[in-house]
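A, B, ... follow the sequence lines: proteins, then strands. Residue 1 opens every chain.
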Protein chains: 2
Amino acid sequence: MNEENRWDAVPKPAELTETRLIEAILDGHFPVGSHLPAERELAVQLGVTRPTLREALQRLARDGWIEIRHGRHTRVRNYWREGNLGVLGTIARHKNHAPPDFVPNLLEVRISLAPAYTRAAVERKPDHVADLLNNYTTLEDAPQTFATADWDLHRQLTIDSGNPVFTLILNGFSDLYGNMALIYFSLVEARARSRVFYQDLRDAALSNDPEAAESVTRQMMIESLDLWQVAVENLGGGES
Amino acid sequence: MNEENRWDAVPKPAELTETRLIEAILDGHFPVGSHLPAERELAVQLGVTRPTLREALQRLARDGWIEIRHGRHTRVRNYWREGNLGVLGTIARHKNHAPPDFVPNLLEVRISLAPAYTRAAVERKPDHVADLLNNYTTLEDAPQTFATADWDLHRQLTIDSGNPVFTLILNGFSDLYGNMALIYFSLVEARARSRVFYQDLRDAALSNDPEAAESVTRQMMIESLDLWQVAVENLGGGES
DNA sequence: ATCCTTAAGTGGTTAGACCTCTTACCATGA
DNA sequence: TCATGGTAAGAGGTCTAACCACTTAAGGAT
(Lines give C-alpha, C1' and ligand atoms only; values in the text may rest on other atoms or scores of the structure.)
Protein backbone atom coordinates (compact mmCIF):
# COMPACT_ATOMS: atom_id res chain seq x y z
CA MET A 1 0.00 0.00 0.00
CA ASN A 2 1.98 2.90 -1.34
CA GLU A 3 4.99 2.05 0.87
CA GLU A 4 6.85 5.33 0.39
CA ASN A 5 9.12 4.85 -2.59
CA ARG A 6 12.49 4.00 -1.16
CA TRP A 7 14.28 5.76 -3.97
CA ASP A 8 13.41 9.14 -5.31
CA ALA A 9 11.79 8.93 -8.66
CA VAL A 10 14.22 9.48 -11.50
CA PRO A 11 13.62 13.12 -12.44
CA LYS A 12 12.51 13.45 -16.02
CA PRO A 13 14.55 15.80 -18.18
CA ALA A 14 11.65 18.17 -18.77
CA GLU A 15 10.84 18.54 -15.10
CA LEU A 16 14.49 18.77 -14.15
CA THR A 17 15.03 21.45 -16.75
CA GLU A 18 12.21 23.52 -15.34
CA THR A 19 13.53 23.13 -11.81
CA ARG A 20 17.05 24.13 -12.75
CA LEU A 21 15.84 27.18 -14.66
CA ILE A 22 13.72 28.35 -11.75
CA GLU A 23 16.51 27.87 -9.27
CA ALA A 24 18.85 29.76 -11.57
CA ILE A 25 16.38 32.63 -11.64
CA LEU A 26 15.72 32.56 -7.90
CA ASP A 27 19.38 32.47 -6.89
CA GLY A 28 20.20 35.39 -9.15
CA HIS A 29 22.14 33.50 -11.79
CA PHE A 30 19.58 34.87 -14.27
CA PRO A 31 18.57 38.14 -12.57
CA VAL A 32 15.24 39.81 -13.18
CA GLY A 33 15.42 41.81 -16.38
CA SER A 34 18.37 39.88 -17.77
CA HIS A 35 18.37 37.80 -20.93
CA LEU A 36 18.47 34.03 -21.05
CA PRO A 37 21.06 32.45 -23.34
CA ALA A 38 19.80 31.49 -26.77
CA GLU A 39 17.72 28.33 -26.79
CA ARG A 40 20.31 26.35 -28.75
CA GLU A 41 23.04 27.26 -26.28
CA LEU A 42 20.85 26.90 -23.20
CA ALA A 43 19.78 23.46 -24.36
CA VAL A 44 23.40 22.37 -24.54
CA GLN A 45 24.13 23.81 -21.11
CA LEU A 46 21.21 21.93 -19.59
CA GLY A 47 21.95 18.73 -21.45
CA VAL A 48 18.60 18.48 -23.19
CA THR A 49 17.47 19.10 -26.72
CA ARG A 50 15.73 22.21 -27.91
CA PRO A 51 12.16 20.86 -28.05
CA THR A 52 12.41 19.63 -24.47
CA LEU A 53 13.86 22.93 -23.34
CA ARG A 54 11.17 24.82 -25.21
CA GLU A 55 8.40 22.90 -23.48
CA ALA A 56 9.85 23.94 -20.14
CA LEU A 57 10.21 27.54 -21.30
CA GLN A 58 6.61 27.61 -22.49
CA ARG A 59 5.40 26.46 -19.09
CA LEU A 60 7.50 29.05 -17.30
CA ALA A 61 6.26 31.77 -19.62
CA ARG A 62 2.68 30.81 -18.84
CA ASP A 63 3.33 31.38 -15.15
CA GLY A 64 4.94 34.73 -15.87
CA TRP A 65 8.56 33.88 -15.10
CA ILE A 66 9.88 34.82 -18.52
CA GLU A 67 8.83 36.69 -21.63
CA ILE A 68 9.40 34.96 -24.96
CA ARG A 69 9.15 36.96 -28.18
CA HIS A 70 9.98 35.89 -31.69
CA GLY A 71 13.35 37.15 -32.84
CA ARG A 72 14.30 38.63 -29.47
CA HIS A 73 16.18 37.33 -26.50
CA THR A 74 14.04 35.68 -23.86
CA ARG A 75 13.84 38.01 -20.88
CA VAL A 76 13.47 37.18 -17.19
CA ARG A 77 10.43 39.01 -15.91
CA ASN A 78 9.88 40.55 -12.50
CA TYR A 79 7.79 37.59 -11.47
CA TRP A 80 6.57 39.08 -8.18
CA ARG A 81 5.22 42.03 -10.13
CA GLU A 82 4.24 40.50 -13.46
CA GLY A 83 3.72 36.83 -12.67
CA ASN A 84 0.49 35.13 -11.70
CA LEU A 85 -0.47 32.68 -8.98
CA GLY A 86 1.40 29.96 -10.83
CA VAL A 87 4.70 31.28 -9.50
CA LEU A 88 3.61 30.40 -5.96
CA GLY A 89 2.92 26.83 -6.96
CA THR A 90 6.06 26.52 -9.01
CA ILE A 91 8.24 27.72 -6.17
CA ALA A 92 6.56 25.36 -3.74
CA ARG A 93 6.90 22.48 -6.17
CA HIS A 94 10.53 22.94 -7.08
CA LYS A 95 12.11 24.41 -3.96
CA ASN A 96 12.96 21.31 -1.99
CA HIS A 97 14.40 23.19 0.93
CA ALA A 98 13.25 25.68 3.53
CA PRO A 99 9.70 26.63 4.43
CA PRO A 100 8.92 29.71 2.42
CA ASP A 101 8.90 32.99 4.29
CA PHE A 102 5.89 34.35 2.45
CA VAL A 103 3.42 32.01 4.12
CA PRO A 104 2.17 34.91 6.29
CA ASN A 105 1.34 36.74 3.08
CA LEU A 106 -0.77 33.82 1.98
CA LEU A 107 -2.49 33.63 5.34
CA GLU A 108 -3.22 37.33 5.21
CA VAL A 109 -4.91 36.98 1.85
CA ARG A 110 -6.86 34.06 3.24
CA ILE A 111 -8.25 36.35 5.93
CA SER A 112 -9.95 38.29 3.16
CA LEU A 113 -11.15 35.35 1.13
CA ALA A 114 -12.15 32.54 3.47
CA PRO A 115 -14.88 34.42 5.36
CA ALA A 116 -16.45 35.45 2.05
CA TYR A 117 -16.67 32.02 0.47
CA THR A 118 -17.61 30.38 3.74
CA ARG A 119 -20.49 32.76 4.18
CA ALA A 120 -21.65 32.17 0.62
CA ALA A 121 -21.39 28.41 1.06
CA VAL A 122 -23.48 28.47 4.21
CA GLU A 123 -26.00 30.72 2.51
CA ARG A 124 -26.39 28.43 -0.49
CA LYS A 125 -25.83 24.94 0.91
CA PRO A 126 -26.00 24.90 4.71
CA ASP A 127 -26.98 21.23 4.81
CA HIS A 128 -24.07 20.17 2.65
CA VAL A 129 -21.62 22.13 4.76
CA ALA A 130 -23.01 20.66 7.97
CA ASP A 131 -22.89 17.13 6.56
CA LEU A 132 -19.30 17.60 5.50
CA LEU A 133 -18.34 18.74 8.99
CA ASN A 134 -20.00 15.79 10.69
CA ASN A 135 -16.94 13.66 10.08
CA TYR A 136 -14.69 16.38 11.43
CA THR A 137 -15.62 15.76 15.07
CA THR A 138 -13.65 12.52 15.12
CA LEU A 139 -10.52 13.51 13.24
CA GLU A 140 -7.42 11.57 14.14
CA ASP A 141 -5.05 13.89 15.99
CA ALA A 142 -2.28 13.79 13.39
CA PRO A 143 -0.75 16.63 11.33
CA GLN A 144 -1.24 14.90 8.00
CA THR A 145 -4.86 14.12 8.79
CA PHE A 146 -5.62 17.73 9.67
CA ALA A 147 -3.71 19.08 6.70
CA THR A 148 -5.74 16.99 4.30
CA ALA A 149 -9.05 17.56 6.05
CA ASP A 150 -8.57 21.31 6.28
CA TRP A 151 -7.71 21.56 2.61
CA ASP A 152 -10.73 19.47 1.64
CA LEU A 153 -12.95 21.70 3.72
CA HIS A 154 -11.80 24.96 2.19
CA ARG A 155 -11.93 23.47 -1.26
CA GLN A 156 -15.48 22.26 -0.75
CA LEU A 157 -16.52 25.61 0.71
CA THR A 158 -15.29 27.44 -2.38
CA ILE A 159 -17.28 25.03 -4.53
CA ASP A 160 -20.43 25.40 -2.44
CA SER A 161 -20.01 29.17 -2.58
CA GLY A 162 -21.17 28.96 -6.18
CA ASN A 163 -18.38 31.28 -7.28
CA PRO A 164 -15.77 29.30 -9.26
CA VAL A 165 -13.26 32.16 -9.02
CA PHE A 166 -12.78 31.32 -5.35
CA THR A 167 -11.95 27.75 -6.33
CA LEU A 168 -9.49 28.79 -9.00
CA ILE A 169 -7.65 31.04 -6.56
CA LEU A 170 -7.56 28.37 -3.88
CA ASN A 171 -6.20 25.82 -6.34
CA GLY A 172 -3.33 28.21 -6.95
CA PHE A 173 -2.45 27.83 -3.28
CA SER A 174 -2.55 24.04 -3.40
CA ASP A 175 1.15 23.17 -3.52
CA LEU A 176 2.23 25.85 -1.09
CA TYR A 177 -0.58 24.88 1.25
CA GLY A 178 0.57 21.28 1.22
CA ASN A 179 4.03 22.31 2.44
CA MET A 180 2.68 24.79 4.95
CA ALA A 181 -0.10 22.76 6.52
CA LEU A 182 2.15 19.94 7.70
CA ILE A 183 4.21 22.40 9.67
CA TYR A 184 1.21 24.31 10.92
CA PHE A 185 -0.72 21.30 12.13
CA SER A 186 2.32 19.80 13.80
CA LEU A 187 1.34 22.23 16.53
CA VAL A 188 -1.10 20.66 18.96
CA GLU A 189 -2.67 24.06 19.68
CA ALA A 190 -3.35 24.53 15.98
CA ARG A 191 -5.17 21.23 15.78
CA ALA A 192 -7.17 22.03 18.91
CA ARG A 193 -8.10 25.45 17.59
CA SER A 194 -9.27 24.02 14.29
CA ARG A 195 -11.43 21.45 16.07
CA VAL A 196 -13.24 24.30 17.75
CA PHE A 197 -13.56 26.08 14.40
CA TYR A 198 -15.03 23.03 12.70
CA GLN A 199 -17.54 22.72 15.51
CA ASP A 200 -18.49 26.39 15.42
CA LEU A 201 -18.85 26.36 11.67
CA ARG A 202 -21.02 23.27 11.81
CA ASP A 203 -23.27 24.94 14.38
CA ALA A 204 -23.54 28.03 12.18
CA ALA A 205 -24.47 25.89 9.19
CA LEU A 206 -27.04 23.90 11.16
CA SER A 207 -28.71 27.08 12.36
CA ASN A 208 -28.62 28.64 8.90
CA ASP A 209 -26.55 31.53 10.10
CA PRO A 210 -24.21 32.83 7.37
CA GLU A 211 -23.26 35.81 9.52
CA ALA A 212 -21.98 33.56 12.25
CA ALA A 213 -20.18 31.38 9.72
CA GLU A 214 -18.40 34.40 8.31
CA SER A 215 -17.53 35.64 11.77
CA VAL A 216 -16.06 32.42 13.16
CA THR A 217 -14.13 31.87 9.95
CA ARG A 218 -12.58 35.33 10.06
CA GLN A 219 -11.59 34.82 13.67
CA MET A 220 -10.02 31.47 12.86
CA MET A 221 -8.06 32.89 9.92
CA ILE A 222 -6.75 35.76 12.02
CA GLU A 223 -5.59 33.47 14.80
CA SER A 224 -3.94 31.13 12.32
CA LEU A 225 -1.41 33.86 11.61
CA ASP A 226 -0.18 33.82 15.18
CA LEU A 227 -0.28 30.04 15.36
CA TRP A 228 1.89 29.88 12.27
CA GLN A 229 4.50 32.02 13.95
CA VAL A 230 4.54 29.65 16.89
CA ALA A 231 4.74 26.65 14.59
CA VAL A 232 7.80 27.90 12.70
CA GLU A 233 9.54 28.74 15.95
CA ASN A 234 8.92 25.21 17.19
CA LEU A 235 10.35 23.64 14.03
CA GLY A 236 12.53 20.75 15.09
CA GLY A 237 11.05 20.63 18.56
CA GLY A 238 9.13 17.61 17.36
CA GLU A 239 5.96 18.52 19.19
CA SER A 240 3.27 16.35 17.68
CA MET B 1 0.33 56.38 -33.00
CA ASN B 2 -0.91 52.84 -32.75
CA GLU B 3 -3.46 53.41 -35.53
CA GLU B 4 -5.41 50.16 -35.11
CA ASN B 5 -3.81 47.58 -37.40
CA ARG B 6 -6.00 47.39 -40.44
CA TRP B 7 -5.31 43.68 -40.88
CA ASP B 8 -5.48 41.09 -38.18
CA ALA B 9 -2.15 39.63 -37.33
CA VAL B 10 -1.53 36.24 -38.92
CA PRO B 11 -2.21 33.75 -36.12
CA LYS B 12 0.78 31.62 -35.37
CA PRO B 13 0.26 27.84 -35.44
CA ALA B 14 1.07 27.41 -31.76
CA GLU B 15 -1.35 30.07 -30.62
CA LEU B 16 -4.01 28.92 -33.04
CA THR B 17 -3.61 25.36 -31.81
CA GLU B 18 -4.16 26.43 -28.23
CA THR B 19 -7.22 28.46 -29.17
CA ARG B 20 -8.79 25.63 -31.13
CA LEU B 21 -8.18 23.12 -28.34
CA ILE B 22 -9.76 25.40 -25.75
CA GLU B 23 -12.76 26.09 -27.92
CA ALA B 24 -13.14 22.38 -28.54
CA ILE B 25 -13.15 21.82 -24.79
CA LEU B 26 -15.51 24.70 -24.03
CA ASP B 27 -18.07 23.74 -26.68
CA GLY B 28 -18.18 20.16 -25.48
CA HIS B 29 -16.37 18.57 -28.40
CA PHE B 30 -13.90 17.29 -25.81
CA PRO B 31 -16.12 17.03 -22.69
CA VAL B 32 -14.74 17.20 -19.20
CA GLY B 33 -13.43 13.78 -18.23
CA SER B 34 -13.02 12.59 -21.81
CA HIS B 35 -9.76 11.65 -23.46
CA LEU B 36 -8.00 13.66 -26.12
CA PRO B 37 -6.92 11.82 -29.27
CA ALA B 38 -3.33 10.63 -29.27
CA GLU B 39 -0.81 13.38 -29.92
CA ARG B 40 0.19 12.00 -33.30
CA GLU B 41 -3.40 11.89 -34.47
CA LEU B 42 -4.39 15.20 -32.87
CA ALA B 43 -1.42 16.89 -34.53
CA VAL B 44 -2.64 15.72 -37.93
CA GLN B 45 -6.16 16.89 -37.20
CA LEU B 46 -4.92 20.33 -36.23
CA GLY B 47 -2.48 20.57 -39.09
CA VAL B 48 0.61 21.04 -36.94
CA THR B 49 3.48 18.80 -35.96
CA ARG B 50 3.84 17.01 -32.70
CA PRO B 51 6.38 19.36 -31.06
CA THR B 52 4.18 22.35 -31.78
CA LEU B 53 1.10 20.56 -30.50
CA ARG B 54 2.97 19.47 -27.40
CA GLU B 55 4.00 23.01 -26.53
CA ALA B 56 0.35 24.01 -26.62
CA LEU B 57 -0.64 20.99 -24.53
CA GLN B 58 2.02 21.81 -21.95
CA ARG B 59 0.70 25.32 -21.58
CA LEU B 60 -2.86 24.09 -21.19
CA ALA B 61 -1.77 21.52 -18.65
CA ARG B 62 -0.10 24.24 -16.60
CA ASP B 63 -3.39 26.12 -16.40
CA GLY B 64 -5.23 22.98 -15.35
CA TRP B 65 -7.22 22.34 -18.51
CA ILE B 66 -5.82 18.86 -19.11
CA GLU B 67 -3.91 16.15 -17.32
CA ILE B 68 -0.99 14.63 -19.18
CA ARG B 69 0.55 11.39 -17.92
CA HIS B 70 3.19 9.24 -19.52
CA GLY B 71 1.75 6.21 -21.27
CA ARG B 72 -1.87 7.21 -20.69
CA HIS B 73 -4.36 9.14 -22.70
CA THR B 74 -4.46 12.85 -22.00
CA ARG B 75 -7.60 13.61 -20.03
CA VAL B 76 -9.71 16.76 -20.02
CA ARG B 77 -9.94 17.98 -16.44
CA ASN B 78 -12.84 19.68 -14.73
CA TYR B 79 -11.17 23.03 -15.13
CA TRP B 80 -13.63 24.98 -12.98
CA ARG B 81 -12.88 22.58 -10.13
CA GLU B 82 -9.26 21.64 -10.72
CA GLY B 83 -7.88 24.52 -12.75
CA ASN B 84 -6.16 27.64 -11.49
CA LEU B 85 -6.55 31.32 -12.25
CA GLY B 86 -4.90 30.78 -15.59
CA VAL B 87 -8.14 29.41 -17.01
CA LEU B 88 -9.76 32.81 -16.52
CA GLY B 89 -7.05 34.50 -18.52
CA THR B 90 -7.00 31.82 -21.19
CA ILE B 91 -10.72 32.08 -21.75
CA ALA B 92 -10.56 35.86 -21.91
CA ARG B 93 -7.64 35.69 -24.31
CA HIS B 94 -9.03 33.16 -26.74
CA LYS B 95 -12.77 33.70 -26.65
CA ASN B 96 -13.22 36.40 -29.22
CA HIS B 97 -16.95 36.64 -28.78
CA ALA B 98 -19.44 37.46 -26.05
CA PRO B 99 -18.75 39.24 -22.77
CA PRO B 100 -18.26 36.47 -20.24
CA ASP B 101 -21.11 35.86 -17.85
CA PHE B 102 -18.87 35.20 -14.89
CA VAL B 103 -17.77 38.82 -14.53
CA PRO B 104 -20.06 39.20 -11.49
CA ASN B 105 -18.14 36.36 -9.89
CA LEU B 106 -14.92 38.25 -10.40
CA LEU B 107 -16.43 41.44 -9.02
CA GLU B 108 -17.67 39.55 -5.99
CA VAL B 109 -14.19 38.26 -5.25
CA ARG B 110 -12.89 41.77 -5.69
CA ILE B 111 -15.21 42.93 -2.93
CA SER B 112 -13.23 40.72 -0.58
CA LEU B 113 -9.77 41.58 -1.85
CA ALA B 114 -9.69 45.24 -2.84
CA PRO B 115 -10.56 46.70 0.58
CA ALA B 116 -7.83 44.61 2.17
CA TYR B 117 -4.96 45.57 -0.11
CA THR B 118 -6.15 49.16 -0.30
CA ARG B 119 -6.10 49.43 3.47
CA ALA B 120 -2.65 47.89 3.64
CA ALA B 121 -1.36 50.21 0.93
CA VAL B 122 -2.64 53.29 2.75
CA GLU B 123 -1.15 52.01 5.97
CA ARG B 124 2.28 51.47 4.48
CA LYS B 125 2.58 54.15 1.80
CA PRO B 126 -0.09 56.82 2.19
CA ASP B 127 2.01 59.44 0.42
CA HIS B 128 2.62 57.26 -2.58
CA VAL B 129 -1.05 56.43 -2.89
CA ALA B 130 -2.03 60.09 -2.61
CA ASP B 131 0.55 61.12 -5.20
CA LEU B 132 -0.69 58.48 -7.58
CA LEU B 133 -4.25 59.73 -7.26
CA ASN B 134 -3.30 63.35 -7.89
CA ASN B 135 -3.42 62.73 -11.62
CA TYR B 136 -6.80 61.06 -11.31
CA THR B 137 -8.70 64.30 -10.77
CA THR B 138 -8.25 65.30 -14.40
CA LEU B 139 -8.90 62.01 -16.16
CA GLU B 140 -10.22 62.31 -19.68
CA ASP B 141 -13.84 61.15 -19.69
CA ALA B 142 -13.30 58.17 -22.00
CA PRO B 143 -13.88 54.44 -21.35
CA GLN B 144 -10.38 53.39 -22.41
CA THR B 145 -8.78 56.04 -20.23
CA PHE B 146 -10.69 54.93 -17.18
CA ALA B 147 -10.11 51.25 -17.88
CA THR B 148 -6.36 51.75 -18.00
CA ALA B 149 -6.23 54.15 -15.06
CA ASP B 150 -8.37 51.93 -12.87
CA TRP B 151 -6.24 48.90 -13.60
CA ASP B 152 -3.06 50.81 -12.89
CA LEU B 153 -4.47 52.00 -9.58
CA HIS B 154 -5.44 48.55 -8.35
CA ARG B 155 -2.17 47.12 -9.52
CA GLN B 156 -0.19 49.79 -7.70
CA LEU B 157 -2.27 49.34 -4.57
CA THR B 158 -1.47 45.63 -4.46
CA ILE B 159 2.20 46.47 -4.81
CA ASP B 160 2.10 49.12 -2.08
CA SER B 161 0.25 46.68 0.15
CA GLY B 162 3.56 44.88 0.57
CA ASN B 163 1.90 41.52 0.01
CA PRO B 164 2.93 40.11 -3.38
CA VAL B 165 0.19 37.49 -3.27
CA PHE B 166 -2.34 40.23 -3.90
CA THR B 167 -0.40 41.24 -6.99
CA LEU B 168 -0.18 37.69 -8.29
CA ILE B 169 -3.92 37.22 -7.93
CA LEU B 170 -4.71 40.52 -9.59
CA ASN B 171 -2.43 39.68 -12.51
CA GLY B 172 -4.54 36.58 -13.02
CA PHE B 173 -7.49 38.87 -13.64
CA SER B 174 -5.61 41.01 -16.14
CA ASP B 175 -6.99 39.75 -19.44
CA LEU B 176 -10.53 39.36 -18.23
CA TYR B 177 -10.38 42.79 -16.65
CA GLY B 178 -9.30 44.29 -19.95
CA ASN B 179 -12.38 42.94 -21.67
CA MET B 180 -14.68 43.87 -18.82
CA ALA B 181 -13.50 47.37 -18.03
CA LEU B 182 -14.20 48.76 -21.49
CA ILE B 183 -17.83 47.71 -21.19
CA TYR B 184 -18.09 48.85 -17.59
CA PHE B 185 -16.62 52.30 -18.15
CA SER B 186 -18.68 52.88 -21.26
CA LEU B 187 -21.30 53.80 -18.68
CA VAL B 188 -21.11 57.47 -17.77
CA GLU B 189 -22.42 56.72 -14.26
CA ALA B 190 -19.58 54.26 -13.73
CA ARG B 191 -17.00 56.86 -14.64
CA ALA B 192 -18.65 59.45 -12.41
CA ARG B 193 -18.79 57.03 -9.50
CA SER B 194 -15.12 56.14 -9.88
CA ARG B 195 -14.16 59.81 -9.91
CA VAL B 196 -15.79 60.14 -6.52
CA PHE B 197 -13.99 57.02 -5.34
CA TYR B 198 -10.60 58.28 -6.47
CA GLN B 199 -11.25 61.53 -4.61
CA ASP B 200 -12.41 59.78 -1.45
CA LEU B 201 -9.46 57.42 -1.49
CA ARG B 202 -7.05 60.29 -1.99
CA ASP B 203 -8.56 62.11 0.99
CA ALA B 204 -8.24 58.98 3.10
CA ALA B 205 -4.60 58.61 2.09
CA LEU B 206 -3.84 62.25 2.78
CA SER B 207 -5.34 62.00 6.25
CA ASN B 208 -3.55 58.73 6.97
CA ASP B 209 -6.81 56.92 7.50
CA PRO B 210 -6.58 53.26 6.46
CA GLU B 211 -9.99 52.56 7.96
CA ALA B 212 -11.61 55.12 5.69
CA ALA B 213 -9.67 53.82 2.71
CA GLU B 214 -10.92 50.32 3.37
CA SER B 215 -14.45 51.55 3.83
CA VAL B 216 -14.73 53.68 0.69
CA THR B 217 -13.12 50.92 -1.34
CA ARG B 218 -15.56 48.30 -0.13
CA GLN B 219 -18.48 50.59 -0.90
CA MET B 220 -17.12 51.24 -4.39
CA MET B 221 -16.64 47.53 -5.07
CA ILE B 222 -20.15 46.71 -3.95
CA GLU B 223 -21.71 49.36 -6.12
CA SER B 224 -19.64 48.26 -9.10
CA LEU B 225 -21.66 45.06 -9.15
CA ASP B 226 -24.88 46.94 -9.82
CA LEU B 227 -23.22 49.27 -12.29
CA TRP B 228 -21.99 46.26 -14.22
CA GLN B 229 -25.51 44.97 -14.55
CA VAL B 230 -26.59 48.31 -15.96
CA ALA B 231 -23.63 48.38 -18.32
CA VAL B 232 -24.36 44.98 -19.87
CA GLU B 233 -28.01 45.90 -20.33
CA ASN B 234 -26.98 49.05 -22.15
CA LEU B 235 -24.67 47.14 -24.51
CA GLY B 236 -25.18 48.51 -27.99
CA GLY B 237 -26.92 51.59 -26.72
CA GLY B 238 -23.71 53.40 -27.44
CA GLU B 239 -23.87 55.58 -24.35
CA SER B 240 -20.44 57.04 -23.97
C1' DA C 1 -8.57 -19.62 -12.44
C1' DT C 2 -4.25 -17.28 -11.70
C1' DC C 3 -0.10 -15.36 -12.93
C1' DC C 4 3.28 -13.70 -16.06
C1' DT C 5 4.80 -12.54 -20.50
C1' DT C 6 4.33 -9.68 -24.27
C1' DA C 7 2.83 -6.56 -27.77
C1' DA C 8 0.43 -2.45 -28.93
C1' DG C 9 -0.43 2.24 -27.97
C1' DT C 10 0.52 6.27 -25.37
C1' DG C 11 3.36 10.21 -24.00
C1' DG C 12 8.68 11.64 -23.59
C1' DT C 13 12.92 12.74 -25.91
C1' DT C 14 16.28 13.17 -29.43
C1' DA C 15 18.44 15.07 -33.69
C1' DG C 16 19.01 18.29 -37.27
C1' DA C 17 17.13 21.04 -40.63
C1' DC C 18 14.57 25.01 -42.32
C1' DC C 19 11.37 29.24 -41.75
C1' DT C 20 10.33 33.82 -39.78
C1' DC C 21 11.11 37.81 -37.15
C1' DT C 22 14.16 41.37 -34.93
C1' DT C 23 18.09 43.94 -34.75
C1' DA C 24 22.20 46.33 -35.97
C1' DC C 25 25.26 47.57 -39.37
C1' DC C 26 26.30 50.01 -43.39
C1' DA C 27 25.95 51.58 -48.09
C1' DT C 28 23.17 54.80 -50.48
C1' DG C 29 21.26 59.11 -51.66
C1' DA C 30 18.80 63.55 -50.45
C1' DT D 1 25.13 65.59 -42.42
C1' DC D 2 21.35 62.87 -41.82
C1' DA D 3 17.58 60.01 -43.21
C1' DT D 4 16.63 55.89 -45.95
C1' DG D 5 16.65 51.22 -46.97
C1' DG D 6 19.09 46.96 -47.93
C1' DT D 7 21.47 43.15 -45.86
C1' DA D 8 23.23 39.67 -42.85
C1' DA D 9 23.53 37.66 -38.28
C1' DG D 10 21.13 35.72 -34.63
C1' DA D 11 17.11 35.05 -32.05
C1' DG D 12 12.74 32.26 -31.58
C1' DG D 13 9.12 29.20 -34.42
C1' DT D 14 8.16 25.05 -36.91
C1' DC D 15 8.90 20.79 -39.27
C1' DT D 16 10.54 16.00 -39.93
C1' DA D 17 11.43 11.31 -38.54
C1' DA D 18 13.01 8.52 -35.64
C1' DC D 19 13.66 6.12 -30.97
C1' DC D 20 12.85 5.66 -25.72
C1' DA D 21 9.85 4.71 -21.61
C1' DC D 22 5.64 3.89 -19.46
C1' DT D 23 0.81 1.87 -19.26
C1' DT D 24 -2.48 -1.26 -20.47
C1' DA D 25 -4.70 -5.31 -21.80
C1' DA D 26 -4.66 -9.45 -24.39
C1' DG D 27 -3.06 -14.06 -24.42
C1' DG D 28 -0.37 -18.02 -23.08
C1' DA D 29 1.80 -20.89 -19.35
C1' DT D 30 1.11 -22.87 -15.03
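- The residue among Ala14(A) and His70(A) whose nearest nucleotide of DNA chain C is located toward the 5' end is Ala14(A).
- Each of Glu39(A), Glu55(A), Glu41(A) was evaluated against Arg50(A); a single residue qualifies, Glu39(A), per the salt bridge (Lys or Arg N to Asp or Glu O under 4.0 Å) test.
- Nucleotide dG11(C) holds its P atom 18 Å from the CD atom of Glu15(A), rounded to whole Å.
- As rounded to whole Å, 14 Å separates atom C1' of dT14(D) from atom CD of Glu55(A).
- Phosphate contact (OP1/OP2 of dG12(C), side-chain N/O of Thr52(A), threshold under 4.0 Å): absent.
- Ranking dG12(C), dG12(D), dT10(C) by closeness to the His73(B) side chain, first place goes to dT10(C).
- Judged by atom type and distance alone, Arg40(A) reaches the base of dG13(D) through a side-chain donor-acceptor pair under 3.5 Å.
- Side-chain atoms of Ala38(B) lie closest to dT10(C) of the nucleotides dT22(C), dT10(C), dG12(D).
- Between Arg20(B) and the options Thr17(B), Ile22(B), Leu16(B), a side chain to side chain contact (heavy atoms under 4.5 Å, CB included) holds for only Leu16(B).
- Nucleotide dG12(D) holds its C1' atom 14 Å from the CD atom of Glu41(A), rounded to whole Å.
- Side-chain contact, Tyr177(A) with Asp150(A): a donor N or O sits under 3.5 Å from an acceptor N or O.
- For the pair Leu16(B) CG and dC15(D) P, the interatomic distance rounds to 11 Å; values are reported in whole Å.
- Put simply, CG on Leu53(B) is 15 Å from P on dT13(C), counting in whole angstrom units.
- The side chain of Arg50(A) sits closest to dA17(C) out of dA21(D), dA17(C), dT10(C).
- Using a 4.0 Å cut-off, some side-chain N or O of Arg54(A) falls inside it from OP1 or OP2 of dG13(D).
- Between the P atom of dT14(D) and the CD1 atom of Ile68(A) lies a distance of 11 Å, rounded to the nearest Å.
- Which of dG11(C), dA15(C), dT23(D) sits closest to the side chain of Thr74(B) comes down to dG11(C).
- Nearest to the side-chain atoms of Val48(A) among the listed nucleotides dT14(C), dG11(C), dT16(D) stands dT14(C).
- Side chains of Thr148(A) and Gln144(A): a donor on one and an acceptor on the other come within 3.5 Å.
- Rounded to whole Å, atom C1' of dT22(C) lies 14 Å from atom CD of Glu67(A).
- Contact annotation: Arg72(A) side-chain N/O to dT23(C) OP1/OP2 distance is under 4.0 Å.
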**Prompt:** Could you walk me through whether Leu53(B) and Leu21(B) pass the side-chain contact (heavy atoms from CB on, under 4.5 Å) check?
**Reply:** CA-CA 10 Å; Leu53(B) 169 63; Leu21(B) 284 173; 4.1 Å; yes
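- Atom NE2 in His35(B) sits roughly 17 Å away from atom P in dG9(C) (whole-Å rounding).
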